[in-house]
S.K.: 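One structure, as structure tokens, below. Some questions next.
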Amino acid sequence: MLLATFKLCAGSSYRHVRNMKGLRHQAVLAIGQELNRRALGGPTPGAWINQVRRRSSLLGSRLEDTLYSDQELAYIRQGEEAMQKALGILSNQEGWKQENQQTNGDKVLSKVVPDVGKVFQLEVVVDQPMERLYEELVERMEAMGEWNPNVKEIKVLQKIGKDTVITHELAAEAAGNLVGPRDFVSVRCAKRRGSTCVLAGMATRFGEMPEQKGVIRGEHGPTCMVLRPLAESPSKTKLTWLLSIDLKGWLPKTIINQVLSQTQVDFAKHLRKHMESSPAPEARC
């Protein structure tokens with residue numbers, strides 16, 4: 001079956017099915033399923049299986065590209081770019097200064113990054129499994145406004161593949177209404193790397209969601225959340241949130257810094273409260 005399927009994708013039959021997106025997609029999935037079945041059936045996959053897996057992966061990438069429009073591919077690449085930039089910022093440990101320290105250990109750090117501006121980093125430990133947090137923050141993203149008062153609404157405007165979405169977020173007023181309502185249109189990308197889940201995003205343009213009357217449109221820079229099990233207690237999760245945001249409008253820097261660092265502290269507090277009061281759904285990551 002495997003050889004026949006691979007021939008269908010990569011051999012003489014490829015031209016014949018070049019425009020048959022559904023068949024191509026099924027063939028790519030079939031290759032992956034067959035490779036996984038054979039790999040699980042023996043102690044280790046043979047060299048030829050590894051070779052075919054590499055080739056089918058490259059072929060799958062080319063075939064999957066044809067399943068999306070140019071605009072959708074641009075969104076996918078933008079989401080991946082946001083992830084790489086955000087992780088690059090987090091990986092540089094130099095220059096961080098403490099903005100906020102809570103008695104429970106939650107802390108907010110900040111630093112100025114060239115070509116990005118001031119960014120904020122929240123570091124907390126949540127007494128919940130990583131899979132459950134992933135479920136809540138990704139799969140149930142649109143429900144965030146139900147438990148986070150700083151968010152009025154999050155709506156998924158378009159889903160592209162299994163990793164990328166375009167969202168519209170309406171944020172509540174802040175700092176005693178000194179900061180009026182803002183909205184954000186973003187591309188978001190979610191991926192798992194080993195035992196770590198990364199949720200990243202940045203501002204984008206979406207023709208079907210123009211600026212709203214009476215609401216200032218802000219912009220997210222490269223931002224991300226990193227979820228990973230706590231090494232000494234795997235049932236708990238270390239959550240790191242990099243926040244890069246331009247609120248637009250005229251606001252003193254002191255107000256902006258206060259609002260953004262407090263937003264992160266409040267997020268951790270509301271997330272814990274929500275998770276503790278909600279039954280655990282079936283989670284996946």
S.K.: If hydrophobic clusters are built by linking Ile, Leu, Val, Met, Phe, Trp and Tyr wherever their side-chain heavy atoms come under 4.5 Å apart, do Met209 and Val215 end up in the same one?
M.R.: no

S.K.: So if I apply the side chain to side chain contact (heavy atoms under 4.5 Å, CB included) rule between Gln121 and each of Leu109, Ile89, Val108, which one comes out positive?
M.R.: Leu109

S.K.: With no hydrogens and no angle check, just 3.5 Å: does a side-chain donor-acceptor pair link Gln98 and Asn100?
M.R.: no

S.K.: Just checking, any donor-acceptor pair under 3.5 angstrom between side chains of Thr204 and Gln78?
M.R.: yes

S.K.: Counting C-beta onward and ignoring hydrogens, is there a side-chain heavy-atom pair between Leu133 and Val126 closer than 4.5 Å?
M.R.: yes

S.K.: Drop me the distance from Ser235's OG to Glu131's CD, to the nearest 0.5 angstrom.
M.R.: 11.0 Å

S.K.: If the threshold is 4.0 Å, N to carboxylate O, is there a salt bridge linking Arg132 and Glu139?
M.R.: no

S.K.: Between Glu219 and Lys248, does a side-chain contact (heavy atoms from CB on, under 4.5 Å) hold up when you go through it step by step?
M.R.: CA-CA 8 Å; Glu219 291 185 356; Lys248 301 296 184 180; 3.9 Å; yes

S.K.: Between Tyr68 and Ile160, is any pair of side-chain heavy atoms under 4.5 Å apart?
M.R.: yes

S.K.: Does Tyr134 reach the side chain of Thr237, with side-chain heavy atoms less than 4.5 Å apart?
M.R.: no

S.K.: If you take all heavy atoms of Lys159 and Lys162, which pair is closest and at what distance?
M.R.: NZ-O, 3.9 Å

S.K.: With a 4.5 Å limit on heavy-atom distance, are the side chains of Val119 and Leu242 in contact?
M.R.: yes

S.K.: Between Arg188 and Glu169, is there a side-chain N and carboxylate O pair less than 4.0 Å apart?
M.R.: yes

S.K.: Which atom names give the shortest non-hydrogen contact between Pro229 and Pro234, and what distance separates them?
M.R.: CB-O, 3.8 Å

S.K.: Looking only at non-hydrogen atoms, find the nearest pair between Ser244 and Pro222 and report the distance.
M.R.: CB-O, 3.4 Å

S.K.: If Ile, Leu, Val, Met, Phe, Trp and Tyr residues are connected whenever their side-chain heavy atoms lie under 4.5 Å apart, and connections chain through other members, are Val226 and Leu239 in the same group?
M.R.: no

S.K.: How far apart are the closest heavy atoms of Pro181 and Glu173, and which atoms are they?
M.R.: CD-CG, 3.7 Å

S.K.: Is there a side-chain contact between Met225 and Val198, using heavy atoms and a 4.5 Å cut-off?
M.R.: no

S.K.: Do Met130 and Met141 share a hydrophobic cluster (ILVMFWY, side-chain heavy atoms under 4.5 Å, transitive)?
M.R.: yes

S.K.: From the options Gln262, Lys118, Gln264, select the one residue that forms a side chain to side chain donor-acceptor pair (under 3.5 Å) with Glu99.
M.R.: Lys118

S.K.: Would you call the rings of Trp147 and His274 parallel, tilted or perpendicular, where under 30° means parallel and over 60° means perpendicular?
M.R.: parallel

S.K.: Return the OG1 to CG distance between Thr196 and Leu227, rounded to the nearest 0.5 Å.
M.R.: 9.0 Å

S.K.: I'd like to know if Arg77 and Glu72 make a salt bridge, using a cut-off of under 4.0 Å between side-chain N and carboxylate O.
M.R.: no

S.K.: Looking only at atom types and distance, does a side-chain atom of Thr223 sit under 3.5 Å from a main-chain N or O of His220, one as donor and one as acceptor?
M.R.: no

S.K.: Can you check whether Ser195's main-chain N or O pairs, donor with acceptor, with Arg193's side chain at less than 3.5 Å?
M.R.: no

S.K.: Do Glu142 side-chain atoms and Val156 backbone N/O form a donor-acceptor pair below 3.5 Å?
M.R.: yes

S.K.: Would you say the side chain of Phe267 lies within less than 4.5 Å of the side chain of Asn150, judging by non-hydrogen atoms?
M.R.: no

S.K.: Can you measure from CG (Leu271) to CG (Leu137) and round to the nearest 0.5 angstrom?
M.R.: 6.0 Å

S.K.: Give, for atom CD1 of Ile166 and atom OG of Ser186, the distance between the pair rounded to the nearest 0.5 Å.
M.R.: 8.5 Å

S.K.: In plain terms, say whether Asp106 and Arg272 are close enough for a salt bridge, that is, a side-chain N and a carboxylate O under 4.0 Å apart.
M.R.: yes

S.K.: Does the side chain of Asn92 reach to within under 4.5 Å of the side chain of Lys111, using non-hydrogen atoms?
M.R.: yes

S.K.: Heavy atoms only: give me the nearest Lys273-Ser277 pair and the separation to one decimal.
M.R.: O-OG, 3.0 Å

S.K.: Salt-bridge test for Lys107 and Glu123: reply yes if a basic N is under 4.0 Å from a carboxylate O, no otherwise.
M.R.: yes

S.K.: Apply side-chain contact (heavy atoms from CB on, under 4.5 Å) to Phe184 and His168, showing your working.
M.R.: CA-CA 6 Å; Phe184 306 87; His168 176 252; over 6 Å; no

S.K.: Do Val116 and Leu87 sit in one hydrophobic cluster, given that two such residues count as connected whenever their side-chain heavy atoms are within less than 4.5 Å of each other, even indirectly?
M.R.: yes

S.K.: Not counting sequence neighbours, list each pair that qualifies as a salt bridge (charged side-chain N to carboxylate O under 4.0 Å, His left out) and has a residue in residues 85-97.
M.R.: Glu81-Lys85

S.K.: Of all the heavy-atom pairs spanning Pro149 and Ala172, show the shortest one and how long it is.
M.R.: O-CB, 3.5 Å

S.K.: Should Trp241 and Val113 be regarded as members of a common hydrophobic cluster, given that ILVMFWY residues are connected when their side-chain heavy atoms come within less than 4.5 Å of each other, either directly or indirectly?
M.R.: no

S.K.: With side chains defined as the heavy atoms from C-beta onward, is the minimum distance between Leu122 and Leu243 less than 4.5 Å?
M.R.: no

S.K.: Measure the OG1-CE distance between Thr164 and Met83 for me, rounded to the nearest 0.5 Å.
M.R.: 8.5 Å

S.K.: Kindly say whether Leu90 contributes a backbone atom to a donor-acceptor pair with the side chain of Gln93 at under 3.5 angstrom?
M.R.: yes

S.K.: Starting at NZ of Lys155, measure out to CG of Leu170 and round the result to the nearest 0.5 Å.
M.R.: 12.0 Å

